[in-house]
Amino acid sequence: MPDEYPNAFEAPLTASRLVFTAIGLLDTFTAEQRSAAVIPDFEDPRRTDWDIIPKPDRTGVSLHLLDRHQKVLAWDLVRMCLPLRAFTKVLAITQLETVLRDFEQELLGPALQAWRTPDSYFLTIFGRPGFEDTWSLRFLGHHVCVNITVVRERWVIATPMALGAQPVLYDGVLHPLRDDEGLAFDLLGELNDAQRSTAIIHPVAPADFVTRQVPHIGEVEYGDLYDLGMLQYRITDADREATKFERARPRGLCETEMNSAQRDILRSLLSCYLDRLPEEFRPASENWLKNLATDDVHFAWAGATVRGQAHYFRIQTPRFLIEAVNSVNNGNHLHTVLRDLDNDFGKSMLERPEFDRSVLREHLTTRTTSSIPYESDHSQIPESSTTTSKETRS
């Protein structure tokens, strides 16, 4: 990681606000709620389990179990992590769970009300949310995963950040990821035939993210044959090979091969996903995007080129990776993600010696450790003093 890299994650105001709110929320919890919400071990492997599908073994405290005041504080934690536009997307995505009830009555039956509800989201805190400490929070449920890692109340890492939407195509006003997918269609529509032939890497879309839900992206990643629990859409090993991700060999159309109008759309699409990062990051994000070389950006598409059929796209840069897949349910079930190729969950930062957690907690240790311990062993008292004391008592 370059020496200037940590500066891109500096967000001390956000970090402090998160600490204050997290402590305030925990103070309202019962012992049972606190036990469910807090996993004291920051290194617990569940911290990097960010799959956005429903699971029976979710960690964290469910919104179902919070009272009105606690829900306000929980949502405030999420709000502090996101710009307003991204926060409204999260709110709308959770409300789509209610819309899904009309689509899945026959499938879910009596479980409908419990399965599809805006309260089926879980808040988990890993580590100790305190001053100058390293900890993380996760807000996770169907089609929402907000991962926030706070380092020493100064740096904030906000990836991977995954958002989804279902349904995407229906007669309604809730369309939270309109730009997240729509701008990619706009760009595809602006490409000429030669550009399209380069951008479209395969006629079959992967079933889900090619990088799947691995905690940290490897040198090469292959998509799964089908999405978990979605066997109705399957691909082949040949499809996996054709759509694989490689760090060293980005696929698709390079930005240098685009005209100015096409580049504007591509940069708008990049900005749309970067807008998931904390508002305090905006100057650094805009500066990064401004200095991003056109030969470092690749746009790749797979699958159908029209809505209502399975399709996928990704944008690969030296730092960020964007994936969007809309394959199952005839292109009416969208998953999107923003990932940092090196620093998801703070991996690269926390591997640096100066960010070692034992060092970060040094100040906490000095507050509770005596500078020069007091020795109360009376065997060290001179004999003359002991004798005088005995004589005086007699």
Side-chain angles (χ1 to χ4, degrees), residues 25-26 29-67 70-71 74-75 77-78 90-91 93-127 136-148 160-167 206-209 211-216 223-234 325-329 332-337 344-345:
L25 176 58
L26 290 177
F29 281 170
T30 64
E32 291 77 14
Q33 287 174 322
R34 182 184 286 263
S35 177
V38 180
I39 297 177
D41 183 8
F42 179 79
E43 305 296 341
D44 190 293
R46 289 173 290 181
R47 183 173 71 91
T48 57
D49 178 6
W50 59 276
D51 204 332
I52 59 175
I53 67 171
K55 286 185 173 182
D57 52 356
R58 283 277 186 240
T59 61
V61 62
S62 168
L63 293 184
H64 283 293
L65 303 179
L66 303 186
D67 63 30
Q70 291 171 326
K71 284 182 182 179
W75 276 113
L77 278 173
V78 180
V90 171
L91 290 174
I93 289 167
T94 62
Q95 294 306 312
L96 277 174
E97 294 297 286
T98 302
V99 177
L100 270 177
R101 294 177 188 172
D102 288 337
F103 287 74
E104 298 181 331
Q105 293 184 51
E106 183 177 351
L107 172 65
L108 297 179
L112 184 67
Q113 300 300 322
W115 188 260
R116 296 302 185 200
T117 164
D119 279 342
S120 288
Y121 291 83
F122 297 77
L123 178 71
T124 313
I125 290 174
F126 295 88
S136 71
L137 71 87
R138 182 175 68 207
F139 184 79
L140 178 61
H142 187 221
H143 287 162
V144 174
C145 187
V146 178
N147 291 296
I148 302 295
M161 177 80 69
L163 301 177
Q166 183 191 9
D208 199 11
F209 303 135
T211 55
R212 306 174 315 288
Q213 282 73 32
V214 296
H216 309 293
D224 282 334
L225 291 171
Y226 63 91
D227 193 7
L228 186 62
M230 303 285 184
L231 289 92
Q232 66 270 33
Y233 183 85
R234 299 181 66 95
V325 59
N326 196 342
S327 294
V328 301
N329 196 25
N332 199 23
H333 188 153
L334 176 64
H335 290 179
T336 70
V337 68
D344 275 349
F345 298 105

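Since the structure is predicted, the reported quantities are computational estimates derived from the model, not experimental observations.
Applying the side-chain hydrogen bond (donor to acceptor under 3.5 Å, both in side chains) criterion to T59, with sequence neighbours excluded, gives T124, R138. Listed by chain and number, the residues in a side-chain hydrogen bond (donor to acceptor under 3.5 Å, both in side chains) with R46 are D44 (sequence neighbours excluded).
Counting all heavy atoms, side chain and backbone alike, D208 lies closest to Q213 at OD2-NE2, 3.6 Å. Closest approach of R116 to R101, counting heavy atoms only: O-NE, 2.8 Å. Of all non-hydrogen atoms in A162 and W50, the two that sit nearest each other are CB-CZ3, 3.8 Å. Here the closest non-hydrogen pair linking R34 and L26 is NH2-O, 3.0 Å. A74 approaches L63 most closely through the heavy-atom pair CB-CD2, 4.2 Å. The heavy-atom pair separating L140 from R58 by the smallest distance is CD2-NH1, 3.4 Å.
Proximity of a side-chain donor or acceptor of S327 to a complementary backbone N or O of P206 within less than 3.5 Å is detected. Between the side chain of D67 and the backbone N or O of Q70 there is at least one donor-acceptor pair closer than 3.5 Å. Looking at N147, its side chain does come within 3.5 Å of a backbone N or O of P160 through a donor-acceptor pair. For the pair Q33 (side chain) and V61 (backbone), a donor-acceptor distance under 3.5 Å is absent.
Between Q95 atom CD and T117 atom OG1 the span is 8.5 Å, to the nearest 0.5 Å. A distance of 15.0 Å separates CG in L66 from OH in Y121, rounded to the nearest 0.5 Å. Taken to the nearest 0.5 Å, the CG atom of N329 stands 8.5 Å off from the CZ atom of F103. With values rounded to the nearest 0.5 angstrom, I93 atom CD1 is found 4.5 Å from L163 atom CG. Going from atom CD1 of I52 over to atom CE of M161 covers 12.0 Å, rounded to the nearest 0.5 Å. Between Q166 atom CD and E97 atom CD the span is 8.0 Å, to the nearest 0.5 Å.
Residues K55 and D49 meet the side-chain proximity criterion, which asks for heavy atoms closer than 4.5 Å. Side-chain contact between V90 and W75: present, with at least one pair of heavy atoms (C-beta onward) separated by less than 4.5 Å. Residues L123 and L25 have side chains in contact (heavy-atom distance under 4.5 Å, counting atoms from C-beta outward).
Relative orientation of the F345 and H216 rings is perpendicular, given thresholds of 30° and 60° on the angle between their planes.
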Begin from the C-alpha positions of V144 and F139 and carry the test side chain to side chain contact (heavy atoms under 4.5 Å, CB included) through to its verdict. CA-CA 7 Å; V144 174; F139 184 79; 3.9 Å; yes
Step by step, work out the side chain to side chain contact (heavy atoms under 4.5 Å, CB included) result for D227 and H333. CA-CA 12 Å; D227 193 7; H333 188 153; 5.8 Å; no
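The number of heavy atoms from other shown groups lying within 6.0 Å of OH (Y226) does not exceed 12.
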